[in-house]
Amino acid sequence: MSRKRLLSITASLLAGVLIAASACGGTTRGDDEGDGPTGTGGTANPDAEYRTGLSFAMLPKQVNNPYFEASSTGAETVAAELGGEYEFTGPSDASASSQVSYIDTLSQQATDVILLSANDPNALCSSLDQARSGGSVVVTFDSDVDPACRDLFVSQVDSAEVGLALLEMTAEQIDGTGEIAVLSATANATNQNAWIDVMRAELESNPSYADMELVEVVYGDDEDEKSFSETQGLLQAHPDLRAIVSPTTVGIAAAARYLSGSEYQGQVALTGLGTPNQMREFVKDGTVTEFALWDPTALGELAAYTGAAAASGIITGAEGEVFTAGDLGEYTVGADGVVTLGPPTRFNAENIDDFDF
Amino acid sequence: MTIPAPTRTPTGSTVLDLVLRFRALGLLLALAVLVGATASVNARFLSGQSVRDLLFAAAVTVLLACGMTTVVLTRGIDLSVGSTLGLAAYLTADAMSGGVPVPLAVLIGLLVGLACGAANGAIVHFGKVPPLVATLGTLYVFRGIVYFTAGGSRVNASDLPGGFLDFGNGTLLGVPYLFLIAAAVLAVVALFLRDYRSGRDLYALGSNPEAAALAGIPAGRRLMTAYALSGTLAGLGGVLYAARFGTVDASAGYGMELDIVAAVVVGGVAIFGGSGTVLGAALGALLLTVIDNALPVLSIPPFWQQAIVGALILAAIALDRLVALRAARALRKKGSHVG
Amino acid sequence: MSDRAPADAAPLWSALRRFASWDAVIIAATALFLVVAASTVEHFGTARNAGHIIVDLAPVLLLALVMTLIVATGEIDLSVASTVGLTGAAMGWMWNHGIALETIMPLTVLLGALLGAVNGLFITGFGLPSLAVTIGTLALYRGLAYVVLGDTAVADWPRDFTGWTLGTIGDTGVPNIVVPLIALALVVGLVLHCTPIGRAVYAAGANPVAAAYSGIAVGRLKCWLYVASGAMAGLVGVFWTLRYSSARADNAYGLELTVVAVVLLGGVSIFGGKGRLPGVLAAVVLLTALQNALRLAHVSTETLTVVTGALLIAAVLAPNLLTAAGDALRSRRRRAAASL
Amino acid sequence: MSEAVPVVALRDVEKSFGAVRALRGAGLELHAGEAHALVGENGAGKSTLIKILAGLYRPDAGAIEIDGEPVDLHDPSAAIAAGIAVIYQEPALFGDLTVAENLFIGRQPRGRLGRIDRAAMDRDATALFERLGVLLEPDRPAKGLSIADQQLVEIAKAISLDARVLVMDEPTAALTSREVERLFDVVRALRAKGTAILFISHRFDEVEALCQRVTVMRDGAHVSTDPMGEVTVDELIRRMVGRELAAMFPRGEAAPGEVVLDVEGLASAERCRDVSFQVRAGEIVALAGLVGAGRSEVVQAVFGVAPREAGRVRVLGRDLPSGNPRAAMRAGVALVPEDRRQQGLLLDLSVMRNATLVRRGRLARFGFLTGAAEQREAAEWTGRLQAKYGRLTDPVATLSGGNQQKIVLAKWLATGPRLLIVDEPTRGIDVATKAEVHRLLSDLAADGVAVLMVSSELLEVLGMADRTLVMREGRLAGELPRADATEEAVMRLATGQTAEAR
C-alpha cells in the first residue's frame with residue numbers, strides 16, 4: 001500500500017522535474033568552457049642558481065609501491081644535494097579523493113615543491129590550484145593532470161616513443177603477424193591510454209604492421225591478482241593470440257608469472273614495461289624475450305630537479321626553456337610544460353644483469 | 001491404553017533433504033549452465049589449461065569460505081579474513097626471502113592466521129563485541145600491521161625458493177596441488193561440522209544461543225574454535241597465495257572479505273546462523289570463480305562482474321527465504337501426535 | 001514485596017554512568033583532541049585547515065546522519081558508498097547526454113531514493129537480513145556504476161558549480177558547505193530526538209515486536225529510512241562529483257566502512273535502540289580531524305588504519321567492560337552485604 | 001526417608017535482579033525416590049529457584065548442597081554434571097537441528113574415530129519416544145514442531161540424561177491429558193528407581209497424583225513444606241495467596257451494555273479457526289485453554305498484530321481491517337500482551353518513553369515533542385496506577401515484574417480504550433500487585449470498558465470472568481457463564497476429555 005504510494009510519488013516527482021527542466025533550460029554540457037589559471041607567469045632567469053633549503057614532497061599514486069619507492073629514492077637524493085627537506089607521503093589506496101586530502105595538507109604546510117603522480121586528471125585540480133596560489137610549485141610525473149592545474153609534467157618518455165617501441169618489440173617477437181592484445185592498468189590512466197592510442201594509430205597507418213591486429217584491451221587495475229586472471233581470460237577468449245603487450249610493471253609481472261606456469265609459455269610472446277628485478281626470472285626461463293622501461297629513480301631525480309628549477313625561477317614552464325638537472329644533463333621544456341626523461345631502455349637476456357631496480 | 005506403533009510418514013527427513021539438495025542442485029545447475037554456455041562460445045574454456053586455471057583461482061576462495069562458514073554458522077561473521085590473508089602471506093614470503101626454511105615459514109603463516117583468528121574470537125566472546133564490529137575493526141588493524149611491516153617493499157618471485165613456487169604452480173595428474181589442499185581442508189571441515197560433537201555445537205549455537213547455554217554447550221570455547229579456524233584457514237590461504245603468485249606486497253587479499261561472504265551466502269549458509277554446509281559454501285565460491293573466469297571468455301565487459309555478483313547474492317538470499325517459508329509451512333502441517 | 005530493592009550498592013556508580021554516557025565521552029574527547037592538536041600540531045589550528053577539515057568530513061557526515069537512524073532501528077546499510085558511486089556515475093552519464101545540471105541534480109537524488117527503496121523492499125518486504133541485502137546491493141550498485149561509466153571519468157563540470165562546493169561564504173572563510181551540513185544535521189537531529197518519528201525509531205530498534213504491539217508500522221518506518229538513506233547518498237553523489245569535478249564509478253569506494261565506524265564510535269548500538277546524534281557528529285569530527293592532524297604531523301597512513309580499527313573496537317568494548325566491571329562490583333557488594 | 005541426607009538442598013537462597021529481589025530466603029530439600037511439588041503464585045520465585053538449580057543463575061547468598069556437600073553450580077554444564085536435569089516451562093530447541101540431535105546435543109553417541117553415529121542416535125531417540133508413547137520422527141528438523149511436541153522433546157531430553165534429580169517446571173501446560181498420563185507413568189518409574197523429582201504445576205490434581213511432599217512459596221520466600229496427605233488444597237491455596245480469596249478477586253455483579261467487540265469466523269495463521277464471540281461493555285470475558293490452544297493468536301488477530309486469514313472483527317459496529325493495529329487503536333482497542341518483556345516493553349528505554357509510546361503522536365505540538373508533555377503524561381498515569389520506580393528516566397528493566405506490568409497498563413489506559421484486551425495480565429508478578437491489577441480490571445469494567453482476558457491461571461479465570469470461553473486446538477470448545485465455571489468444567493473443555501477419563 002505504502003509502496004504503491006511511494007512509487008506514484010516518485011513517478012510524479014520525476015515527471016515534474018523533467019517537464020520543468022525541458023521548459024526552462026539550464027546548464028548543459030558545453031555551456032561553460034572553463035579557463036583556469038595557466039602557467040606560473042613571470043619570467044625565467046636561466047642563469048639563476050638552484051635555491052637551497054627548499055622543501056620537497058613526493059605524493060605517489062599510492063605508497064607501498066616499489067616503483068614509487070624507487071622514484072622517491074631519486075628525488076630524495078636530489079633534495080639532499082640541494083640542501084632541502086624531503087618527504088614521501090600519500091594514501092595507501094590509489095584513489096583521487098585520498099590524494100586531495102594529502103595535497104591540502106601539503107599546501108597547508110606551504111611545501112615548496114610538490115611532486116605528484118595523479119590518480120585522476122581532473123579531480124585534483126581545485127586542490128592543486130589552491131596549493132599553487134599558496135606558492136607551491138606542482139610538478140607531476142609518471143601520470144599527468146590537466147596541464148592547467150600544474151606547472152610542469154615530467155614524462156618518463158615521449159608517448160609516441162613508448163608506443164612505437166612497444167610495437168616494435170612486439171613485431172620483432174612475432175614476426176609482424178598475428179593477433180595481439182594489451183593488458184593495461186586502469187582504463188583512465190592517462191599515460192597508458194596515450195600509449196595505446198599511439199599503438200592503434202600506428203597499426204592502422206604503418207604498412208609493416210598490416211598483418212598485426214589489436215584484438216582487445218583489458219585492464220588489470222594495477223592489481224597483481226586481477227592482472228593475473230585477466231591474462232588467463234585473454235588467452236581463453238583469443239585462441240590465436242600471438243602476443244600480449246603490458247605497458248605496466250604490475251601487469252607484465254603478473255602476465256609473465258601466469259605464462260611461465262602454463263602451456264602457453266614460449267607460444268605467446270609477452271612484452272611491455274617492467275622492472276628488471278621483477279622480470280629477471282622470466283627472461284632467464286624464456287617466457288619473456290625483451291621488454292622496456294625507463295629508470296624510475298632517474299625519473300624521480302629529474303622531477304625533483306624540474307621542481308627545484310621552477311621554484312628557483314630558472315624555468316617557468318614555457319616551451320623552450322632549458323635547465324641542467326645535475327648528472328642527468330640538460331633538459332628542454334616542451335609544449336604544455338612537458339619535460340621528457342628520454343627513450344626507454346630495453347632489457348633482454350644480454351643486458352638484464354647490468355641493472356638493479 | 002494401547003499405543004499404536006509409530007508409523008513413519010516420509011515428510012520430515014525428505015522435506016529437509018529436498019531443501020538441502022535443492023539448494024546444492026540449484027548451484028550445480030547454475031554452474032552447469034554457465035560452464036555449458038561459456039564452453040559453447042569458446043570450447044577452450046573446457047581445455048585442461050583453462051580448468052586448471054579455474055581450480056587455481058578457486059583454491060584460496062574455497063579455503064576461506066570454509067573458515068567463514070564455521071563462523072557464520074555461529075551467527076558471526078569474519079570481515080578480517082582478507083587482512084589476515086595479507087598479513088600471513090607477507091610474513092610467510094618475507095620469512096622465506098630472508099632464508100627461513102620453507103616448512104618453518106609455512107608454520108609462521110599458519111600461526112599468524114591462528115593468532116588473528118584467536119584475537120577476533122576473544123574480542124567477540126570475552127569483549128561481547130558484535131562480530132560485525134569486532135572483525136570490521138580488526139580488518140583495519142591487521143591491514144595496518146601489514147602496511148607497517150611491508151612498507152613499500154614487495155617480495156618478488158625471484159626472492160622465494162624455487163621449490164615453493166613450483167609447488168604453488170604444480171599439479172598432480174592435472175589438478176593443482178593448491179586445489180588438492182583446499183579440497184582436503186574442505187573434506188575435513190565438512191566432516192568436522194557434520195560428524196563431530198563440537199561441530200554440531202556450532203550449529204546449535206547459531207540456531208538458538210539461549211538453548212545452547214541451557215544445554216551446557218561451552219559457547220566460549222566453540223566460538224574461539226570457529227574464529228581460530230577461520231583465521232588459520234585465512235593464514236593457510238595466505239601461504240597458498242604466496243606460493244601461487246610469488247609476488248606479495250602489502251595489498252595482498254585487499255577487499256577479499258566481500259567475495260568470501262558472497263560465496264558463503266550464495267552457497268546457502270544462513271547469515272544469521274544455524275544452517276548451511278561448507279560444501280554449499282565451496283560450491284558458491286566455485287560459482288563466483290567460474291563467473292570471474294567466464295566473463296572475459298564470453299566477451300562481457302569486466303565491468304559487469306561485480307554487478308552480477310551483487311545480483312546473485314540478492315537472488316540467493318531471496319531464494320533461501322522462499323524455500324525456508326515453504327519448508328516451514330510443510331513442517332508445521334504435520335505434527336507428531338499421540339495416538 | 002517492596003518494589004525497589006533497598007538503596008542499591010552503588011548510587012555513585014549509576015550517577016557516574018548517567019553522566020559518562022558514551023556520547024558525552026566522545027564529545028569531550030573530541031573537544032580535548034581539537035584543543036591539544038591545535039596547540040601542538042603546526043598548521044592545525046588555522047582557519048584554512050578548519051575549512052579543509054569541514055569539506056573533508058562532509059560526505060561522511062551526511063551519510064552518517066541517516067545511517068544513525070538506520071542503525072538505531074537495529075539495521076544497517078552497507079550500500080551507501082556504492083549508491084554514491086552509482087548516482088555519481090548516472091550523473092556523469094546524464095551530463096554526457098546533454099541534460100541540464102539543474103535537472104540532473106534532483107534526478108540524481110531521486111535515483112538515490114529509488115536505490116534505497118530497493119534495499120527497503122528486500123529488507124522489509126521480503127523480511128531479509130539487512131546485512132546480507134546491503135552487502136548484495138553494495139556489489140550490485142558499484143557494479144552498475146562501472147556498467148554505466150566503465151572506467152572513464154566525466155570531468156567537464158561547470159566551474160560555477162564545482163567552485164561552490166569548495167568556496168567560502170563571502171570573505172568569512174567559512175565554507176559554503178557548512179550551511180547545508182548544519183541544516184541537515186539539525187533536521188535529522190530534531191526528527192530523531194524531538195518527534196514521534198524519532199521515538200518510533202528508537203522503539204523499533206529497542207524491541208521491534210513491542211514496537212509493533214504499540215501500533216508502530218516497523219516495516220514501513222524502516223523502508224522509508226532506507227529511501228532516505230538512498231536519497232542522502234544521491235545527494236552525496238552530487239556533492240562528491242562536483243567537489244572532485246570528476247564523476248567516476250569508483251567515487252567514494254570503501255566509504256561505507258568509515259560511515260559505519262563513525263556511527264558506532266558515536267555511541268549508537270549496533271543492536272539498535274540506543275545512541276544519539278551529537279555523539280555521532282562528534283565522532284565524525286574526531287575521526288576527520290585526527291586524520292588531518294596525523295597527516296600534518298607526518299605520521300604514516302599505516303597508523304591511521306590501525307587507529308581507526310582500534311577506535312572502532314574500543315567504542316563498543318569500553319562500555320561493555322565498564323558495565324561488566326560495574327556488575328561485578330555490585331554483585332560482590334551484594335554478596336558481602338548478604339553475608340553480614 | 002526424609003531423615004536421609006537429601007540429594008539436593010537449597011538453603012536460605014537469595015537472589016536479586018537489579019532492584020528486584022526475586023528470592024529472599026528460599027529453601028528446598030529433594031530426596032531420592034521422592035516427588036516433591038513446588039507450588040506458588042506466578043512471581044513467587046519458583047522459576048528463579050529452578051534456574052539456580054540449573055546453574056543459570058548464581059545465588060547472591062545461601063548454599064546449594066548435593067549429598068550434603070556444598071557445591072557451586074557456576075554454569076549449566078556444572079549442573080548437568082552434578083546430575084540435575086531440568087525441563088523448562090518454555091521449550092528451547094535448536095530449530096535447525098533434527099529432533100534426535102536436539103535430544104543428544106553435546107553427548108551424541110559416537111562410533112569409530114569419534115564420529116557421531118546417527119543411526120544409533122535415531123534408534124535411541126525412537127526408543128525414548130516409545131517410552132513416552134509419542135510419534136515423533138527423530139530425523140526431522142525441530143523447526144515447525146507444535147508447542148506440545150516441543151515440550152515432549154524437552155521431556156524426552158531430560159529423561160534421557162538419566163539424572164539423579166529431575167526438575168519439571170510446568171511441563172504439562174501444553175499437553176493433552178493422555179500425554180500427561182504417559183509422562184506421569186514414566187516419571188513414576190523414574191521415581192521408583194530412586195530419582196528425586198521436583199515438580200511445579202498449577203494443577204492441583206496433578207500435584208496430588210504425582211507427589212509425596214509439597215512446598216509452598218510466596219514472594220520469593222519459603223512458606224511451608226508438608227507431606228502431601230497432610231494439607232488440603234484449600235489450605236495450600238490460602239498459603240500461596242497469603243490473604244483471603246475475596247480480596248484477590250474483587251469482582252461484583254456485571255451489568256453488560258452494548259456489544260463492543262464482535263468477532264465472526266476468525267482464522268489466523270493455522271493456529272486458530274472459526275472463532276466467533278462477542279464482548280459487551282462492562283463485562284469481563286476470559287479466554288481459557290491449554291498453552292498453545294490458540295488464545296493469544298485470537299487476541300493478536302483481533303488487535304491486528306497478526307494478520308487474519310478469514311473472518312470479521314467489528315468494534316462498536318465498525319469493521320477493523322486485517323493486520324492493522326493502528327486502526328484497532330483508533331477504534332478504541334488496547335492490547336496488553338502476553339509476554340511483557342518481548343511484546344510489551346522496550347526494556348532498555350526509560351519508564352517515560354515506555355509509558356508515552358503509544359500516545360507520542362497525540363502529545364506532539366506542531367509535530368514536535370517536548371520532554372515536558374511526555375513527562376507530565378507519564379507521571380500522571382504511572383501515578384494513577386501507583387507504579388513504583390526511581391526516576392522517570394530509569395530504564396524500565398530496573399523495575400520489578402509487577403511495576404513493569406503497571407507501566408504496560410498505564411501506557412494503554414492512557415489511550416482511554418473502549419475494549420481492553422489483557423493477555424496473561426498477572427504472569428510473573430507478586431501477589432499484592434496481582435490483587436491491584438484485578439481490582440483495576442474490575443473498576444474498568446464497572447466504568448463500562450469491555451475487557452477480554454486471556455489467562456492460564458484457573459483461579460484468576462474463575463475469580464474474574466463474567467463469562468469464560470474455552471479454546472481447544474484452535475477452536476472455541478465452549479462457553480461457560482460465571483455460575484457454571486468450575487475448575488473441572490473448564491479443564492474438561494480445554495482437554496477435550498470426558499469426566500471419567502481423568
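Each chain gets a letter, A, B and so on, in the order its sequence line appears, and its residues count up from 1. Values in this document were obtained by computation on a predicted structure and should not be read as measured data.
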Exercise for the section: Show your working on side-chain contact (heavy atoms from CB on, under 4.5 Å) between A:Ser101 and C:His52 and close with a plain yes or no. Expected result: CA-CA 8 Å; A:Ser101 303; C:His52 284 153; over 6 Å; no
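- Looking at C:Arg243 and A:Ser97, their side chains never bring a donor and an acceptor atom within 3.5 Å of each other.
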Step by step, would you call C:Leu166 with A:Gln130 a side-chain contact (heavy atoms from CB on, under 4.5 Å)?
CA-CA 10 Å; C:Leu166 295 168; A:Gln130 223 180 14; over 6 Å; no
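- Heavy atoms closer than 4.5 Å to chain C are found nowhere in A:Ser98, neither backbone nor side chain.
- For the pair A:Gln109 (side chain) and C:Leu296 (backbone), a donor-acceptor distance under 3.5 Å is present.
- In this structure, the portions of C:His298 lying under 4.5 Å from any heavy atom of chain A include both its backbone and its side chain.
- Of the atoms belonging to C:Asn96, heavy atoms from both backbone and side chain fall under 4.5 Å from chain A.
- Pairing each heavy atom of C:Arg248 with each of A:Asp120, the nearest pair is NH1-OD2, 2.5 Å.
- Residue C:Tyr253 does not touch chain A at all, counting heavy-atom pairs closer than 4.5 Å.
- Proximity to chain C (any heavy atom under 4.5 Å) is restricted, for A:Glu87, to the side chain, taken from C-beta onward.
- By the salt bridge (charged side-chain N to carboxylate O under 4.0 Å, His left out) test, C:Arg295 pairs with C:Asp56, sequence neighbours left out.
- Separating the OH atom in C:Tyr244 from the CG atom in A:Asn119 is a distance of 12.0 Å, to the nearest 0.5 Å.
- Taken from CG in C:Asn49 to CG in A:Asp104, the straight-line distance is 8.5 Å, to the nearest 0.5 Å.
- In terms of heavy-atom pairs under 4.5 angstrom with chain A, the leader among C:Arg48, C:Gln291, C:Met94 is C:Arg48.
- If you take OG on A:Ser126 and CZ on C:Arg159, they are separated by 8.5 Å, rounding to the nearest 0.5 Å.
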